[in-house]
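Note that ligands are numbered from 1 as they come in the structure, with each ligand's atoms numbered from 1 the same way. Numbering of residues begins at 1 and proceeds along the displayed sequence. Quick note: numbers below take in every heavy atom, side chains included, and nothing from hydrogens, waters or symmetry partners.
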Amino acid sequence: MSNHVSFLGDKPVHRIGFGAMQLAGPGVFGPPADPDAARAVLRRAVELGVDHIDTAQFYGPDVVNDLIREALHPYPEGLRLVTKVGATRDDTGAWLPGAESADLKAQVEQNLRSLGVERMDLVNLRRFERDDPTRQEPALEDQLGALAELRDEGKLDLIGVSSIGAETVRKAIDLVGIGEVQNAFSILDRSDEPVLDLCREHDVAYVPYFPLGSAFTGGPAALAADEHVSAVARKHGVTASQVALAWLLAQYDRLLLIPGTSSVAHLEENLAVLDIALDQDDLTLLDKVEPKPVGH
Ligand SMILES: NC(=O)c1ccc[n+]([C@@H]2O[C@H](COP(=O)([O-])OP(=O)(O)OC[C@H]3O[C@@H](n4cnc5c(N)ncnc54)[C@H](OP(=O)(O)O)[C@@H]3O)[C@@H](O)[C@H]2O)c1
């Protein structure tokens with residue numbers, strides 16, 4: 001995959017990484033039915049050249065980070081582990097947003113411990129302004145300040161931001177400098193285009209989550225149902241999911257994919273997207289895809 005390298009901050013990474021959220025049990029809570037199969041997906045990903053894994057201690061909680069450590073530690077050189085902080089889970093699996101500075105620091109420590117590393121390559125601050133604009137969140141300055149202190153202490157290299165609008169991204173760039181923006185974006189939901197533009201303008205990596213439409217809302221079924229996606233898939237002899245991922249890669253050379261899957265077959269299919277070259281006719285047709293936002 002040597003032709004397909006981009007950058008996370010100043011770190012070279014392949015353009016297709018792996019999103020590990022699908023490795024937890026249903027609702028991203030508790031263990032998966034088959035932990036051996038989950039570890040096999042992780043090992044196969046690295047074997048195929050994946051060097052960017054996106055995770056979170058709150059996936060499980062702990063379950064996904066434990067699987068990553070069990071499957072891959074000691075980690076191969078150059079493997080970039082990226083996590084996110086800003087939420088916790090209660091006993092029922094409900095997501096509790098809005099972490100204060102001390103909580104964020106504790107969450108970074110939990111990630112370091114469960115992944116078995118001394119330093120994270122990147123930590124995303126997950127905000128909740130898009131999930132619930134009425135919610136009072138801790139001040140952005142304080143949250144990013146806490147992560148910047150950990151960066152100074154050598155606990156993390158890069159700070160990222162997740163689930164935020166253009167105005168907040170601008171502030172984050174000014175406050176601490178950022179290594180990535182991780183927001184929901186796909187061919188079915190292009191509402192984040194202003195943030196993608198901002199990333200292009202500032203030369204910041206853009207990492208779309210829900211690139212296939214999200215397992216929470218039926219996964220890639222809506223892609224296959226779209227006549228334009230299906231037509232391009234037929235033309236190239238590939239799947240609708242592969243077209244959706246190839247379309248994303250064509251949007252920006254610092255867009256990094258982290259498609260999530262619990263299946264080796266889907267993993268291999270997703271990585272094969274690097275070989276698909278969409279032409280201008282394909283992109284024009286794909287512009288006509290009817291938006292079906294999946295939420296954040
Ligand atoms: N920052 C945030 O707030 C946030 C939120 C959500 C996710 N994320 C990150 O983003 C990553 C990607 O998001 P995601 O996993 O939710 O959504 P996604 O990648 O859009 O879709 C995952 C769904 O697609 C299926 N799938 C994957 N590859 C497929 C293929 N080739 N053919 C058919 N189905 C396929 C998966 O099922 P199978 O398991 O059956 O393949 C799963 O149902 C996550 O893993 C996580 O690391 C971040």
Just let me know how N124 lines up against ligand 1, side chain, backbone, both or neither, with a heavy-atom cut-off below 4.0 Å.
neither
If you look at every heavy atom in A244 and L212, which pair is closest and at what distance?
CB-CD2, 4.3 Å
Location of contacts on S241 toward ligand 1, heavy atoms closer than 4.0 Å:
side chain
Heavy-atom distances under 4.0 Å decide this one: backbone, side chain, both or neither, for E269 against ligand 1?
side chain
N-O pairing of K155 and E109 below 4.0 Å
yes
Considering distance alone, does some N or O of D54 sit under 3.5 Å from an N or O of ligand 1?
yes
State the atoms of ligand 1, each with its element, that fall below the 4.0 Å cut-off from a heavy-atom position in K84.
1 (N), 48 (C)
Find all atoms of ligand 1 within a distance of less than 4.0 Å from any non-hydrogen atom belonging to I258, and give their numbers and elements.
9 (C), 10 (O), 11 (C), 12 (C)
Can you list the ligand 1 atoms lying under 4.0 Å from a non-hydrogen atom of Q182?
1 (N), 2 (C), 4 (C), 8 (N), 9 (C), 48 (C)
Note: ligand 1 atoms sitting under 4.0 Å from heavy atoms of T261 are 27 (C), 38 (P), 39 (O), 41 (O)
First locate atom CG of L267, then atom CZ of R44, and finally report the distance between them rounded to the nearest 0.5 Å.
7.5 Å
S162, any N or O under 3.5 Å of ligand 1 N or O
yes
Any atom of ligand 1 sitting under 4.0 Å from a heavy atom of F18?
no
Closer than 4.0 Å to some heavy atom of P259 - which atoms of ligand 1 meet that?
19 (O)
Is any side-chain heavy atom of F185 closer than 4.5 Å to one of L248?
yes
Heavy-atom distances under 4.0 Å decide this one: backbone, side chain, both or neither, for Y59 against ligand 1?
side chain
Rounded to the nearest 0.5 Å, what's the gap from CZ on F210 to CG on D192? Could you check?
12.5 Å
Using a plain distance cutoff, I'd like to know if L212 has any nitrogen or oxygen under 3.5 Å from a nitrogen or oxygen of ligand 1.
yes
Q242 contact mode with ligand 1 (heavy-atom cut-off under 4.0 Å):
neither
Considering only NZ, NE, NH1 and NH2 on the basic side and carboxylate oxygens on the acidic side, decide whether D174 and K171 come within less than 4.0 Å.
no
Start with the C-alpha distance between D157 and R80, add both sets of side-chain angles, then the distance that settles salt bridge (Lys or Arg N to Asp or Glu O under 4.0 Å), and finish with yes or no.
CA-CA 11 Å; D157 282 342; R80 307 303 181 187; 5.7 Å; no
Are any of the N or O atoms of P220 closer than 3.5 Å to those of ligand 1?
no
Just wondering, are more than 12 heavy atoms of other shown residues or ligands nearer than 6.0 Å to CD in E201?
yes
For the atom pair OG1 (T284) and CG (D279), what is the distance rounded to the nearest 0.5 Å?
8.5 Å
Under a 4.0 angstrom heavy-atom cut-off, which atoms of ligand 1 come close to G213?
20 (O)
Checking heavy atoms under 4.0 Å, the part of A20 that sits near ligand 1 is backbone
Taking it one step at a time, do K84 and D54 satisfy salt bridge (Lys or Arg N to Asp or Glu O under 4.0 Å)?
CA-CA 8 Å; K84 56 194 80 68; D54 184 85; 2.7 Å; yes
Pair S241-E269, side-chain donor/acceptor within less than 3.5 Å:
no
